[in-house]
There are 2 protein chains.
Amino acid sequence: MYKRCQMKKKHTKNRHHNSTKKITSVDVARLAGVSQSTVSRAFGTGNELTEETKKKVLKAAMELKYRPNAIARSLTSQNTNIVGIVMANAKSPFYSKTLDEFTIKLQKLGKQTLLFSVEKGRDIDEILSHVLEYRVDGLVITSATISSEMAEECANIGTPVILFNRYATGTNVSAVCCDNVKGGRDVADYLLDRGYTQLAYIGGNPKSSTNIDRLKGFQERLQERGFSDLLIRNDEYSYESGYRIAKELILEGKKPEVIFCASDIVALGAMDAAKHEFNLKTPEEIAIVGFDDIEMASWPTYSLTTIQQPIEEMTEFAIDLLESKIKKMNTKCELKLFPGKLIKRGSA
Amino acid sequence: MYKRCQMKKKHTKNRHHNSTKKITSVDVARLAGVSQSTVSRAFGTGNELTEETKKKVLKAAMELKYRPNAIARSLTSQNTNIVGIVMANAKSPFYSKTLDEFTIKLQKLGKQTLLFSVEKGRDIDEILSHVLEYRVDGLVITSATISSEMAEECANIGTPVILFNRYATGTNVSAVCCDNVKGGRDVADYLLDRGYTQLAYIGGNPKSSTNIDRLKGFQERLQERGFSDLLIRNDEYSYESGYRIAKELILEGKKPEVIFCASDIVALGAMDAAKHEFNLKTPEEIAIVGFDDIEMASWPTYSLTTIQQPIEEMTEFAIDLLESKIKKMNTKCELKLFPGKLIKRGSA
DNA sequence: TTGAAAGCGATACCAT
DNA sequence: ATGGTATCGCTTTCAA
């Protein structure tokens, strides 16, 4: 079937009022005396072309300061080399470290990170909608749960999603997590072994899977060993929250011997409250245990006993998993749990 | 001039082995019974079309779960709505807060953040080269200086660049900074007014403009008031560095009355060294002043006297500036300095 | 107001 | 190994 013949006209006026001329592969081709396809080949990998032509092209490109347009490439090649990362708390120590790890590792694979921040109370689906418009090759979601409708949409559109430090039951989304239940149990064992009997738990967001599991493991193990008396408070993952709750507990006359906090940052708050509000010594008068092992936990001022999350291995694994999903090598959904490691320091 | 008539063939085999069909504006157009252009218009703003047709299109889009392809849009519209952010130390408190501010504010303007991490010792030009391939609308560079060649290339390609918390002399790149010289001077005045006479300075990266200026202002003002005796050490912007240098100073028998540290994180290190290595009380036996006012500075354990950088205003301004450069409303290069504010706390 | 068609700047197929 | 061209999914003239 033949298409009607078309008359081609040149654009007459410059639509974009740009004073600087954009260099494209056509310009390079002209200068190098080759076809545009050849220029494209010279910049790809594993393409058949003479060393000589390649050199010729690269020289011309250099002269013109040509840089291939990744946007145009993405349109045809159907992959952007961009990974979207959605975070709700990007400025907290644990997550900023996580983000840094992801970014650096992805960069080494030639991939870029498109960052999205979910503010408290904002709808994550709306943000995901924007992420998907950019046709990211894959998506990492931390500290937020994805709705099952959205998960389905991602699957439809063919964008692999990985939850990091979270998991969602009922969706077909893979997740990479620390074994929070096990971490909670380990803390329980450690504390009971040290002879503590009056225990408290200060949690973060009570609806997050991390919080639920850390508490679950902790409480389960306590009960298995005959301790059912656990003081539990939840609020959010922050220093202020830890500070306030610890202060409240003590003011209410419920000072425990030891507090297990759902994250290090909460633990630091609790420790400071004990010290500065009541002048209590750690660990003699009140012991504190955290979770994450952020850098500050190892500072001598805090010397926080905590469960270390193997962030580097976790991010490494998450990226590998994402890559294999992008290449469709792996379609099954999995939940990968990494064991946390109890780091014994001075606070308990 | 007429082009030769071409025979158009349909692709026979699916190049990309995708099982899921991609929904495009053509599909929506077909379902809605309108042209593809109309679909495009329905998703743009300020386009002329009937409410009725628009509704029809959106309904069809909804049904098909259509989402416009931002990559394709970028290719034609010549803007990506992506801002590149280059950071060397994204996981430190100050920069992670900065990054968060940028991301959230840009998101509110409908723009995305493409994040690049510069590892120590890595070549920033190579990274910038990648950034530019994505044709970001603008570029924010923090904690790294841009080479003048690269700055020129950015200008050539038409990508506005803003340095944040840095400036580079000799390039035509705009910069948004805290007034570090003034900050240094203010600290000098404050400390002299409090009667300190033995002073030390612990710096970060000695080649960074922040470090140079903070020291410069500090030293200048000391000299103006007749103090020329300042102990100076530089290393890098980190807790460990602050800790180590403070320890060295004291071990060498050069314990000053007060140390001005080039950043809060260095200050916290110095404070901890004094406390845990030598059991010195702050501020009685050794006073410490920082710079930045990160969250931890306000924690009672540290209660760090410091110069507060107005991050929110600075990021706000940087984004406004970038926007106006993107819209070509503003072409002149400027260095905008924000005054820091001395926050008096317990450490000095 | 709407439709038709020309790009945007690459990639990848096909033919030479 | 190289060139020609259809195509990716939009935006934006231009014509009707």
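Below, all heavy atoms of this structure are taken into account, side chains as well, without hydrogens, waters or symmetry copies. Note on naming: letters A, B, ... go to the chains in the order of the sequence lines (proteins, then strands), and numbering restarts at 1 for each one.
Without hydrogens or angle criteria, B:Thr113 side chain to B:Leu115 main chain gives no donor-acceptor distance under 3.5 Å.
Contacts of A:Ser37 with the nucleic acid, taken as non-hydrogen atoms under 4.0 Å apart, include base atoms.
A donor N or O paired with an acceptor N or O is found under 3.5 Å between the base of D:dG3 and the side-chain atoms of A:Arg41.
At least one side-chain nitrogen or oxygen of B:Tyr66 sits closer than 4.0 Å to the OP1 or OP2 atom of D:dC10. Contact between the side-chain N/O atoms of A:Ser35 and the OP1/OP2 oxygens of D:dG4 is not found at any separation under 4.0 Å. For B:Thr76 and D:dC10, the shortest distance from a side-chain N or O to OP1 or OP2 is not below 4.0 Å. Using a 4.0 Å cut-off, no side-chain N or O of A:Ser77 falls inside it from OP1 or OP2 of C:dA10. For the OP1/OP2 pair of D:dC10 and a distance below 4.0 Å, the side-chain nitrogens and oxygens of B:Ser25 include at least one atom meeting the criterion.
Under the 4.5 Å side-chain criterion, counting only non-hydrogen atoms from C-beta, B:Phe116 is not in contact with A:Thr103. Within the 4.5 Å cutoff, the side chain of B:Val176 has heavy atoms near those of the B:Ile162 side chain.
Nearest-nucleotide mapping onto DNA chain C: of A:Gly44 and B:Thr50, the residue sitting toward the 5' end is B:Thr50. In this structure, B:Leu75 and B:Gln36 both approach DNA chain C, and ranking their closest nucleotides by distance from the 5' end singles out B:Gln36.
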Check: What's the verdict on salt bridge (Lys or Arg N to Asp or Glu O under 4.0 Å) for B:Lys56 and B:Glu51, showing C-alpha distance, side-chain angles and the deciding distance?
Finding: CA-CA 9 Å; B:Lys56 208 165 50 178; B:Glu51 265 310 307; over 6 Å; no
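In this structure, B:Glu48 places its CD atom 11 Å from P of D:dT13, rounding to the nearest Å. One atom, CZ of A:Arg73, and another, P of D:dC10, lie 21 Å apart when rounded to the nearest Å.
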